[in-house]
Amino acid sequence: MGVESLDAKSKVNDFCSGVVITAAHVITNRHVIEDGVSFRVVHNDKKWPAKLVSVDPDHDLAELSVAGLEAPAVTVLDSSKLAVGETVYAIGAPEGLELTISEGLISG
């Protein structure tokens, strides 16, 4: 799903991907939403207003609360439990290309 960062006039000033971690919570990149005044989650031509819950600048993450969003959550593992050689995925929206996914391996 996509996350829109809006300016004071509700105009989209940035767009990125988001990942559902619970029924009404989405994780996205902090650097994309940091200049936003308000936020929206977009999926299948539907839009939901979102509220900023928390920010983790050390990991470039932001958590949004999205009332009314009912979507399946991904399984999130504790990064300290990852092992070298495990497959990992990065989900993004480069240049607005929603749901772009890259595969990689834990190397160290």
Side-chain angles (χ1 to χ4, degrees):
M1 73 183 34
V3 174
E4 295 177 337
S5 178
L6 308 171
D7 65 16
K9 295 180 180 180
S10 295
K11 181 181 174 199
V12 176
N13 62 6
D14 217 336
F15 178 86
C16 62
S17 63
V19 177
V20 178
I21 58 167
T22 67
H25 287 89
V26 172
I27 293 290
T28 192
N29 292 110
R30 179 205 52 85
H31 74 270
V32 176
I33 61 128
E34 69 185 343
D35 293 329
V37 173
S38 61
F39 313 100
R40 240 181 347 223
V41 169
V42 181
H43 185 62
N44 290 336
D45 296 326
K46 291 185 180 180
K47 297 182 179 188
W48 296 267
K51 292 182 182 179
L52 184 61
V53 174
S54 64
V55 175
D56 180 350
D58 293 335
H59 295 100
D60 191 30
L61 297 173
E63 181 180 357
L64 302 172
S65 173
V66 188
L69 178 66
E70 293 183 20
V74 298
T75 301
V76 180
L77 299 177
D78 183 338
S79 61
S80 67
K81 296 179 181 178
L82 292 174
V84 172
E86 283 193 71
T87 303
V88 293
Y89 300 93
I91 302 170
E95 303 300 321
L97 298 173
E98 187 177 347
L99 299 177
T100 301
I101 188 164
S102 301
E103 181 179 345
L105 295 174
I106 299 295
S107 61

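Please read all numbers here as calculations on a predicted model, not as lab measurements.
To the nearest 0.5 angstrom, Ser38 atom OG is 14.0 Å from Lys9 atom NZ. How far NZ of Lys51 is from CG of Leu64: 12.0 Å, rounded to the nearest 0.5 Å. In this structure, CD1 in Ile33 is found 10.0 Å from CG in Leu61, a value given to the nearest 0.5 Å. The CD1 atom of Ile27 sits 8.5 Å away from the OG1 atom of Thr22 when rounded to the nearest 0.5 Å.
The shortest distance between side-chain heavy atoms of Glu63 and Ile21 falls below 4.5 Å.
Contact between Val74 and Val19 at its shortest, heavy atoms only, is CG2-CG1, 3.3 Å. Minimum interatomic distance between Gly18 and Val3 (heavy atoms only, all atoms of both residues): CA-CG2, 3.9 Å. What you find for Asn13 and Asp35 is that their closest heavy atoms are ND2-O, 3.7 Å. Closest of all the heavy-atom pairs between Trp48 and Val66 is CB-CG1, 3.4 Å. Among all heavy-atom pairs drawn from Gly36 and Ser5, the shortest one is CA-OG, 3.1 Å. In terms of heavy-atom proximity, Ala71 sits nearest to Met1 at CB-CE, 4.4 Å.
Atom CG of Asp78 is surrounded by more than 12 heavy atoms from other residues, nucleotides or ligands within 6.0 Å.
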Is there a side-chain contact (heavy atoms from CB on, under 4.5 Å) between Val12 and Arg40 once you walk through the steps?
-> CA-CA 9 Å; Val12 176; Arg40 240 181 347 223; 3.6 Å; yes

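The main-chain N or O of Val32 is never found under 3.5 Å from a side-chain atom of Asn29 such that the two would form a donor-acceptor pair. At distances below 3.5 Å, at least one donor-acceptor pair connects side-chain atoms of Thr28 with backbone N or O atoms of Ser17. Counting only distance, with no hydrogens or angles, the side chain of Asp60 and the backbone of His31 share a donor-acceptor pair below 3.5 Å.
When the side chains of ILVMFWY residues are joined at heavy-atom separations under 4.5 Å, either directly or via intervening members, Leu52 and Leu6 end up in two distinct hydrophobic clusters. Note: the hydrophobic cluster containing Val42 does not contain Val37 (ILVMFWY, side chain heavy atoms under 4.5 Å, direct or indirect links).
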